[in-house]
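I have placed the structure first, in the form of structure tokens, so that the comments after it can refer back to it.
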Amino acid sequence: MNGKDFFGTYLSQKLSSNPALLTEAGARSCSIGVDIEGAGQWTLNFDAEGKASVATGLNGPTRAIQVREKTWEGLLNGTVNVPMAVMMR
């Protein structure tokens with residue numbers, strides 16, 4: 001699954017049907033920008049209760065993640081070692 005499919009379809013649909021899906025992550029009143037080189041940019045917005053939504057583009061995130069498309073796909077399918085990916089960036 002690529003970044004466009006994950007954020008544009010999969011996660012958007014999951015959050016539309018269950019905005020509290022990521023509440024256990026503990027994020028409150030913040031936003032996380034995800035910039036996948038070669039795929040696009042998205043922002044995960046968390047309200048004060050931890051309910052999340054996803055928007056296209058980087059909309060003033062409080063935190064940001066930048067990753068190559070190939071690395072993102074590897075993270076999703078389990079072929080990338082997360083600590084190594086962070087150290088090599």
Side-chain angles (χ1 to χ4, degrees):
M1 178 180 303
N2 63 33
K4 289 179 186 177
D5 291 339
F6 181 79
F7 287 101
T9 305
Y10 177 78
L11 188 58
S12 293
Q13 289 176 350
K14 289 285 191 183
L15 292 174
S16 290
S17 64
N18 183 6
L21 180 68
L22 299 175
T23 302
E24 291 182 16
R28 304 282 189 274
S29 302
C30 68
S31 59
I32 301 170
V34 181
D35 181 357
I36 302 175
E37 296 172 12
Q41 300 173 327
W42 297 269
T43 302
L44 290 169
N45 297 297
F46 295 88
D47 68 13
E49 297 173 357
K51 293 181 181 173
S53 63
V54 63
T56 302
L58 295 179
N59 305 312
T62 53
R63 301 287 184 262
I65 299 167
Q66 185 178 27
V67 63
R68 291 180 183 96
E69 186 172 21
K70 184 176 180 180
T71 303
W72 178 259
E73 291 173 2
L75 291 170
L76 291 179
N77 68 29
T79 60
V80 168
N81 178 305
V82 176
M84 284 299 282
V86 171
M87 290 187 331
M88 298 303 291
R89 181 70 181 144

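The structure presented is a predicted model; accordingly, all values stated were derived computationally and were not measured. Atom set for the values below is all heavy atoms of this structure, side chains included, hydrogens, waters and symmetry mates excluded. The chain is numbered in sequence order, starting from 1.
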Looking at [X] and [Y], what are the two nearest heavy atoms and their distance?
X	Y	answer
Ser12	Phe7	OG-O, 2.6 Å
Val80	Thr71	CG2-O, 3.8 Å
Pro61	Leu58	CD-C, 4.2 Å
Asn45	Ala55	ND2-CB, 4.1 Å
Glu69	Ala39	OE2-CB, 3.7 Å

Exercise. Would a line drawn from the ring center of Phe6 to the ring center of Trp42 be shorter than 6.0 Å?
Worked result: no
Which distance, rounded to the nearest 0.5 Å, do you find between the [atom1] of [X] and the [atom2] of [Y]?
X	Y	atom1	atom2	answer
Glu37	Arg68	CD	CZ	5.5 Å
Asn2	Ile36	CG	CD1	8.0 Å
Met1	Leu11	CE	CG	10.0 Å
Leu44	Asn59	CG	CG	11.0 Å
Leu21	Ser53	CG	OG	12.5 Å
Asp47	Ser31	CG	OG	12.0 Å

For this session: Using side chain to side chain donor-acceptor pair (under 3.5 Å) as the criterion, list what pairs up with Ser17, not counting sequence neighbours.
Result: none
Problem set entry | Short side-chain to backbone donor-acceptor contact, Thr43 and Gly33, under 3.5 Å | no
For this session: Can you establish whether the number of heavy atoms outside Arg28 located under 6.0 Å from its atom CZ is more than 12?
Result: yes
Exercise. Who are the salt bridge (charged side-chain N to carboxylate O under 4.0 Å, His left out) partners of Glu49, not counting sequence neighbours?
Worked result: Lys51
